[in-house]
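First comes the structure, then the notes that go with it.
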Amino acid sequence: MSLRNRINVPRTLAFRLTLWYAGIFLLSAAVAFSAFYYLITATIRGRTDQELLAEVRAFSSMMALQGIEAVKRQALLESHAAGEKQVFIQLVYPDGRLFSSSNMSYFHNIPVSVEAIGRMLEQQEPFFATVSSPDHRHEIRVVYALLGPGLIIHLGQSMDGLTRFIDAFKRIFIGTMAALFALAVILGWFMARRALAGVETLTRTAQRIAADGRLTERVPVGRGGDEIDRLAETFNRMLDRIQELVKGIKEMTDNIAHDLKSPLTRIRGQAEVALTSGGGADEYEAMAASAIEECDRLLEMINAMLFISRTEAGVAKPELGELNLAEVVRNACGLFQTLAEDKGVALTCDAPQQLAVAGDVRLIQRMLGNLLDNAIKYTPAGGSVEVALISGPGRLARIDFKDTGVGISAKDRPCIFERFYRGDPSRSLPGAGLGLSFARAVARAHGGDITAENRTPSGAVFRVVLPMAG
Ligand code: ADP
């Protein structure tokens, strides 16, 4: 089933973005249309009022100059000329009674409003009103104005032009809005899909990886440097890291399997030889002793691995007690003296009387032992190993292990603290590649660290720092 089929479209971001685009587009268009509509209708109404007012003025001056009969005649003439469906002109008394009227057959249900006359007389200026009648689809704009003492003119003009305009406007409005909405949806969908195409590629890649575990897959990264590109970059970086971690775990498993296999094969071989050769008790004893030795080495290795994993994960915490590091360092050097002498390496130790740290004495002993063992192991006969303990700056105890041995190659340097890593020159020497990773796990579990550097002209220096007690 394709990704597209499984997607619930109304819940997609693209769909919601499209709706937003379309909604905002439509709203803006509606606001613009409404403003235009309001402006046009207000202008048309204003113009009608101006025309009515001009008529009122003309009749007023005629009244003043030629008298009421002339006005009556003119009123009839004008309403006839304009069309009896367009305008009506009535002359009324203040109580609403008619003095004269144009033909009102079209406007028969437009009554004279006594209330409007009252308001006009009160305000002393022409009074406008919009009247609608059940017989007409359009409204009628009327004005009441005082022509002379006791005589009022009631003028009305049909607004059918405006009504026609509004009808046409509505049709255009609905048509345009529908077209605009369709356009907004198409545009919005297109834009949203374009913007989210990167996310979809990312999702597909993640799905492919989830389905068949191909960690080599990468998402194509665009050159725009936008949010999606950055997301893709981060996703790819995360994949790099996962791939690295998986590779590391695989290598570690291979190493563990390999390192467990050799001693087990040896134990099995010895047992087989003892059985088939039919030797005596001595031979069985030797076989058992050698098996115990191999098992001890295996257990030690497994324990070291467990310790490293647990301390790195923060699960195991050392039991901290105050101890004199100076004494522990001196004792460790003392223990390795014979080994160094046997190999022809001069081992010297320089430590003060007292230097207290909070630590787990057994772990620190093993850490020192590993570093001493390495220093002697990687230094040829005739060389020297100097161990120096000082109290460094920042309340840190510092132990340097300086040797004149083979040193660390540039290739090995970034990896020597990794589990099971063994440098090229050490292949022929005993060891499982766990010594340094164990030592560093111990130092870190105590809040310290270990670093390694090369010395000139030859050799290496391993520096341990541990926080001092108190
Ligand atoms: P092992 O000594 O069993 O190989 P370690 O974890 O103790 O494993 O050391 C890892 C690697 O670091 C070694 O294989 C070696 O290449 C390098 N190394 C450690 N100590 C020294 C040293 N003093 N001088 C040179 N190289 C060293």
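Whatever order the structure lists ligands and atoms in, that order sets their numbers, starting from 1. Here, residue 1 is the first one in the sequence, and each next residue gets the next number. Here the structure is a predicted model, which is why all the values come from computation and not from measurement.
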Does either side chain, that of Asp412 or that of Ser409, offer a donor lying less than 3.5 Å from an acceptor on the other one?
yes
Any donor-acceptor N or O pair under 3.5 Å, side chains Gln243, Arg218:
yes
Would [X] count as a polar contact of ligand 1, with the cut-off being nitrogen or oxygen pairs under 3.5 Å?
X: Asn374; result: yes
X: Ser437; result: no
X: Gly433; result: yes
X: Leu436; result: yes

Out of Gly435, Ala304, Gly407, the nearest non-hydrogen contact to atom 25 (C) of ligand 1 is supplied by Gly407
Residue selection (non-hydrogen contact nearest atom 22 (C) of ligand 1) among Phe438, Tyr421, Phe420, Phe462:
Phe462
May I ask you to decide if the ring planes of Trp189 and Phe15 are parallel, tilted or perpendicular, using 30° and 60° as cut-offs?
perpendicular
Before giving the answer on side chain to side chain donor-acceptor pair (under 3.5 Å), spell out for Arg141 and Thr130 the whole-Å C-alpha distance, their side-chain angles and the decisive distance to 0.1 Å.
CA-CA 5 Å; Arg141 190 74 173 156; Thr130 305; 2.5 Å; yes
Apply ring pair (Phe, Tyr, Trp, His ring centres under 6.0 Å) to Phe173 and list each qualifying residue two or more places apart in sequence or on a separate chain.
Phe33
Taking the six-membered ring for Trp, are Phe165 and Phe169 ring centroids under 6.0 Å apart?
yes
Gly405 near ligand 1, heavy-atom distance under 4.0 Å?
no
Consider ligand 1: state whether an atom of it lies below 4.0 angstrom from any non-hydrogen atom of Asp403.
yes
Quick note, ring-ring contact (aromatic ring centres under 6.0 Å, His included) partners involving residues 233-274, not counting sequence neighbours, are none
With atoms numbered from 1 as shown, which atoms in ligand 1 lie under 4.0 angstrom from a non-hydrogen atom of Ile416?
10 (C), 11 (C), 12 (O), 17 (C)
Enumerated ligand 1 atoms positioned under 4.0 Å from heavy atoms of Lys377
1 (P), 2 (O), 3 (O)
